[in-house]
S.K.: 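Input: one structure, supplied below.
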Amino acid sequence: MFDKIIPRSEDYAKWYTQVIRRAEMADYAPVRGCMVVRPYGYALWENVKEQLDSRFKATGHQNAAFPLFIPMSFIEKEAEHVEGFKPELAVVTHGGGKKLEEPLVVRPTSETIIGYMYSQWIQSYRDLPVLINQWANVVRWELRTRLFIRTMEFFWQEGHTAHATHAEAEEETLRILELYTDFALNEAAIPVIPGRKSESEKFPGALTSYTIEAMMGDKRALQAGTSHDLGQNFAKAFDIQYLDANQKQQHCWTTSWGVSTRMIGAIIMTHGDDQGLVLPPRIAPTQLVIVPIIPKNRDTDKQAVMQAVDSICETLGEVRYHVDDRHDYSPGWRFNEWELKGVPLRIEIGPRDLAKQQVVLARRDIPGREGKAFTPIANVAETVKDMLDTIQADMLKRATEFRDMNTFEPTTYDSFKEVVEEGFARAWWCENAECEEQLKAETQATIRCIPIEQPDGDGVCIVCGETAQDIAVFARAY
RNA sequence: CGGGGCGUAGCGCAGCCCGGCUAGCGCGUCUGCUUUGGGAGCAGAAGGUCGGAGGUUCGAAUCCUCUCGCCCCGACCA
């Protein structure tokens, strides 16, 4: 017998872990809270990286690399920043067998050390803007971890920019928020809500934090990326100044923004089903798997099938395909294997198909017989390409429908408390921290964001009944 | 840091409460034969410091003490 993965409805956390390990995305490391990203998971991450990186470059950013170690005193320079990060720092106290004069922090994020470097590099308004990104690993001493979603060490990109005016910095912050939204929608097929964080949820040291929020398969929210308007907080702490056209010293306006390997977790939890992963075609490491079916001891059939496979492969062009010709595994075994791994499309081809000059095309996003169709061999490449686009679009559509079906608009606090346990709740909020505190204490939910897109007019706060300018999204979050 | 669970073969587990002979089962692995359109069958084989240390005992996977680690749920967080 074969161990099936546990259904999502039975134990979502267990399902998540099992899928990741069985699909060989990642494994637990021998250090608590750390993970090993295995080749299959890393291949997905590389595709995420590639898509983001090309968007960064298209908007004028350059990549660079800053040190892993940050002097402790740097972290302490920005008051809110210290407070936010101090509890989760990994600190190096010894090096080369000797106690260090000043402890070194393993970067939890790099605003401080990059801010320091910017203060050296920026002299004049002509040096601005500075638009730099780095792909790096960072460490945060998390109490409770979860593969991809919250590990002690994680991989990400962090963009850090410096500008002459607040307007430019704001523009940058929102440009990146849009870029992230575009990536999530069009590559990861994750419908996200771009919005602003509440005061209590914003990045330590930021003026304003923006986020893209997604709904996972268990209806909990996940922050999938952030973009921060840092105002002049870090510029003042690190003395990032320039001489403007009127010969006056000015502090820069800086931003920072990041997307991490958490995005992998978001993809898994947005699209995965009880058979395993379901990966969006645009970033799937393998988009198409071809499974030849060959009865043993019938060499003529084998040759014919493999020839047909070869000629199909030749027509596939850019499609990322894999031929699984492991004939010591039964067809059923191989089907299940690739379904677990979330490959979007599968071609099954055997002597019977060959006789009719057709193949079986099976969609991963529609499990079982319903997702299977015969298609003529003659124009299979075209069909595959079209089908990959269709799957990509359908996955976004399905995820959007799921989110909308589980998004409620309660009008009383009582109904709010009920529905917020069941999904997202959209409701007016007066932006008062006390109301936020109250619902946090009473419901397990938090304010995920104040969406950029707002209805006209105003309403009354769901908690206190005072006038509220904006709708906020509330949910239980990861 | 609180609550819960778990460490026994590569993986998943049983055995422990109530100590006893050679520590079991499933999957996987290896060998052979038969099989291949949804996780193949039969036959044989290999594989163990029972997380670690100490104690009780004629005898410990099992009881006691200490310890290390991991997972899950909360508080805190990308």
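A note on names: the letters A, B, ... follow the listed sequences, proteins ahead of strands, and every chain is numbered from 1.
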S.K.: Report the residues that fulfil ring-ring contact (aromatic ring centres under 6.0 Å, His included) with His81(A), sequence neighbours left out, ordered by chain and then residue number.
M.R.: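 Scan of His81(A) (ring-ring contact (aromatic ring centres under 6.0 Å, His included), adjacent residues dropped) gives Phe85(A), Phe203(A), Phe234(A).
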
S.K.: Do we get Arg346(A) above Phe335(A)'s six-membered ring, with its NZ or CZ under 6.0 Å from the centre and within 45° of the axis?
M.R.: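 So Arg346(A) does make the cation-pi contact.
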
S.K.: With a 3.5 angstrom cut-off on both distances, give the Watson-Crick or G-U wobble partner of G19(B), or none if there isn't one.
M.R.: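 Check on G19(B): unpaired, no WC or wobble geometry under 3.5 Å.
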
S.K.: Would you kindly check whether a donor in the side chain of Glu339(A) faces an acceptor in the base of G38(B), or vice versa, at under 3.5 angstrom?
M.R.: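 Such a pair exists between side chain and base.
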
S.K.: Using atom CD1 of Ile212(A) as one end and atom C1' of A78(B) as the other, report the distance to the nearest whole Å.
M.R.: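 Roughly 11 Å, once rounded to whole Å.
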
S.K.: Could you walk me through whether Trp257(A) and His160(A) pass ring-ring contact (aromatic ring centres under 6.0 Å, His included), step by step?
M.R.: CA-CA 7 Å; Trp257(A) 27 275; His160(A) 296 269; 7.9 Å; no

S.K.: Determine which nucleotide pairs with C11(B), using a 3.5 Å limit on both distances of a Watson-Crick or G-U wobble pair.
M.R.: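 In the structure as shown, C11(B) has G26(B) as its Watson-Crick or wobble partner.
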
S.K.: Partner of C76(B) by Watson-Crick or G-U wobble geometry, both contacts under 3.5 Å, or none?
M.R.: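 Partner of C76(B): none found under 3.5 Å.
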
S.K.: For G48(B) and C25(B), measure between their C1' atoms and round to the nearest Å.
M.R.: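 About 14 Å, rounded to a whole number of Å.
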
S.K.: Would you confirm whether the ring centroid of Phe424(A) sits within less than 6.0 angstrom of the ring centroid of Phe474(A)?
M.R.: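 No, they do not, as the ring centres are separated by 6.0 Å or more.
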
S.K.: Measuring only the P atom in each nucleotide, how far is G7(B) from G52(B)? A whole number of Å is fine.
M.R.: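 Their P atoms lie roughly 13 Å apart.
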
S.K.: On RNA chain B, check which nucleotide each of Lys202(A) and Gly350(A) is closest to and give me the residue with the more 5' one.
M.R.: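 Final value for this comparison: Gly350(A).
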
S.K.: When you get a sec, tell me which of A78(B), C73(B), U36(B) is the closest nucleotide to the side chain of Ala13(A)?
M.R.: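 For the Ala13(A) side chain, the nearest candidate turns out to be C73(B).
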
S.K.: Determine whether the aromatic ring of Phe154(A) stacks with the base of A78(B), defined as ring centroids separated by less than 5.5 Å and ring planes inclined by less than 30°.
M.R.: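 Ring-base stacking flag set for Phe154(A) and A78(B).
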
S.K.: Phe154(A) vs Trp156(A) aromatic rings, parallel, tilted or perpendicular, using cut-offs 30° and 60°?
M.R.: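 The rings of Phe154(A) and Trp156(A) stand perpendicular, inter-plane angle above 60°.
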
S.K.: Using 30° and 60° as the class boundaries, would you call the ring planes of Tyr42(A) and Phe155(A) parallel, tilted or perpendicular?
M.R.: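 The arrangement is perpendicular - the two ring planes meet at more than 60°.
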
S.K.: How far, in whole Å, is U57(B) from A75(B) if one measures between their P atoms?
M.R.: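 Those two atoms are separated by 48 Å.
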
S.K.: Expressed in whole Å, how much space separates the P atoms belonging to U36(B) and G24(B)?
M.R.: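 The answer is 37 Å between these two P atoms.
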
S.K.: What interatomic distance, in whole Å, is found between P of A14(B) and the corresponding atom of C63(B)?
M.R.: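 C63(B) and A14(B) have their P atoms separated by 15 Å.
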
S.K.: Roughly, in whole Å, what's the span from CG in Asp218(A) to P in C73(B)?
M.R.: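 Value for this atom pair: 10 Å.
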
S.K.: Rounded to whole Å, please give me the gap between CZ in Arg146(A) and C1' in A78(B).
M.R.: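 About 15 Å, once rounded to whole Å.
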
S.K.: When the distance from CZ of Arg22(A) to P of G12(B) is rounded to whole Å, what number comes out?
M.R.: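 So the two atoms are 11 Å apart, to the nearest Å.
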
S.K.: If you check the Glu337(A) side chain, which of G37(B), G74(B), G39(B) turns out closest?
M.R.: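 Among G37(B), G74(B), G39(B), the one nearest the side chain of Glu337(A) is G39(B).
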
S.K.: Check every atom of G39(B), C72(B), G38(B) against the side chain of Phe335(A) and return the nucleotide holding the closest atom.
M.R.: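 Between G39(B), C72(B), G38(B), the one nearest the side chain of Phe335(A) would be G38(B).
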
S.K.: Taking atom C1' in both C76(B) and G39(B), compute the distance separating them and give it to the nearest angstrom.
M.R.: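 Their C1' atoms lie roughly 42 Å apart.
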
S.K.: Indicate, with a heavy-atom threshold strictly under 4.0 Å, whether Lys372(A) touches base, sugar-phosphate, or nothing.
M.R.: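 Lys372(A): base contact, heavy atoms under 4.0 Å.
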
S.K.: Rounded to the nearest Å, what distance is computed from the CG atom of residue Asp27(A) to the P atom of nucleotide C71(B)?
M.R.: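 Distance, rounded to whole Å: 11 Å.
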
S.K.: Between A53(B) and G47(B), how far apart are the two C1' atoms, rounded to whole Å?
M.R.: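 About 27 Å, rounded to a whole number of Å.
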
S.K.: Is the positively charged end of Arg220(A) above the ring of Tyr478(A), judged by distance under 6.0 angstrom from the centroid and angle within 45° of the axis?
M.R.: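 Ring-cation test returns yes.
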
S.K.: Could you state the atom-to-atom distance from CH2 of Trp141(A) to P of C1(B) in whole Å?
M.R.: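 Going from Trp141(A) (CH2) to C1(B) (P), I get 13 Å.
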
S.K.: Step through the shown structure and confirm whether more than 12 heavy atoms of other residues, nucleotides or ligands are within 6.0 Å of CD on Glu201(A).
M.R.: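 Yes, because the 6.0 Å sphere around CD of Glu201(A) holds more than 12 heavy atoms from other groups.
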
S.K.: Using purine N1 to pyrimidine N3 plus N6-O4 or O6-N4 for Watson-Crick, or N1-O2 and O6-N3 for G-U wobble, both under 3.5 Å, which nucleotide pairs with C6(B)?
M.R.: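 For C6(B), the partner nucleotide comes out as G69(B), under the 3.5 Å rule.
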
S.K.: Rounding to a whole Å, what distance do you find between Tyr12(A):OH and C72(B):C1'?
M.R.: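 Nearest whole value for this atom pair: 16 Å.
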
S.K.: Which one is paired to G48(B), where only Watson-Crick or G-U wobble pairs with both distances under 3.5 angstrom count?
M.R.: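 Partner of G48(B): none.
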
S.K.: Taking OP1 and OP2 of G74(B), is either one under 4.0 Å from a side-chain nitrogen or oxygen of Arg144(A)?
M.R.: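 Yes, because at least one side-chain N or O of Arg144(A) sits under 4.0 Å from OP1 or OP2 of G74(B).
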
S.K.: What nucleotide among A78(B), G39(B), C71(B) has an atom nearest to a side-chain atom of Glu142(A)?
M.R.: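 Of all the options, the side chain of Glu142(A) is nearest to A78(B).
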
S.K.: Specify the residue among Glu88(A) and Arg346(A) whose closest nucleotide of RNA chain B lies further upstream toward the 5′ end.
M.R.: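 Between the two, 5'-proximity favours Arg346(A).
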
S.K.: Applying the Watson-Crick and G-U wobble criteria at under 3.5 Å, what pairs with U31(B)? Answer none if nothing qualifies.
M.R.: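 Result: A43(B).
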
S.K.: Roughly how far apart, to the nearest Å, are G26(B) and G15(B) at atom C1'?
M.R.: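 Each nucleotide's C1' atom is 15 Å from the other's.
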
S.K.: Round to the nearest Å and state the distance from Asp11(A) atom CG to C72(B) atom P.
M.R.: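 Whole-Å distance recorded here is 10 Å.
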
S.K.: Would you mind classifying the nucleic acid contact of Arg140(A) as base, sugar-phosphate or nothing, using non-hydrogen atoms under 4.0 angstrom?
M.R.: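 If one applies the 4.0 Å heavy-atom cut-off, Arg140(A) turns out to touch a base.
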
S.K.: Just checking Pro351(A): base, sugar-phosphate only, or nothing, at a heavy-atom cut-off of under 4.0 Å?
M.R.: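 Result for Pro351(A) = base.
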
S.K.: For the CD atom of Gln357(A) and the OG1 atom of Thr375(A), what is their distance to the nearest 0.5 Å?
M.R.: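 Nearest 0.5 Å value for the CD-OG1 distance: 12.0 Å.
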
S.K.: Tell me the partner of U56(B), counting only Watson-Crick (N1-N3 plus N6-O4 or O6-N4) or G-U wobble (N1-O2 and O6-N3) with both under 3.5 Å; none if nothing fits.
M.R.: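 By the stated definition (distances under 3.5 Å), nothing pairs with U56(B).
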
S.K.: Contact class for Arg476(A) vs. all strands (heavy atom < 4.0 Å): base, sugar-phosphate, or nothing?
M.R.: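 Counting heavy atoms under 4.0 Å across all strands, the contact made by Arg476(A) is with sugar-phosphate only.
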
S.K.: If you check every side-chain atom of Leu143(A), which of A78(B), G39(B), C1(B) has the closest atom?
M.R.: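 From the listed options, C1(B) comes nearest.
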
S.K.: Between A40(B) and Ser330(A), is there an OP1 or OP2 to side-chain N/O distance shorter than 4.0 Å?
M.R.: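 Affirmative; the distance criterion is met.
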
S.K.: Report which part of the nucleic acid Asp353(A) touches: base, sugar-phosphate, or nothing (heavy-atom distance under 4.0 Å, all strands).
M.R.: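 It contacts base atoms.
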
S.K.: Scan Thr446(A) against the nucleic acid and name what it touches under 4.0 Å (heavy atoms): base, sugar-phosphate only, or nothing.
M.R.: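 If one applies the 4.0 Å heavy-atom cut-off, Thr446(A) turns out to touch nothing in the nucleic acid.
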
S.K.: When you measure from the side chain of Val360(A), which nucleotide among G37(B), C72(B), G39(B) comes out closest?
M.R.: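 Nearest to the side-chain atoms of Val360(A), counting from C-beta on, is G37(B).
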
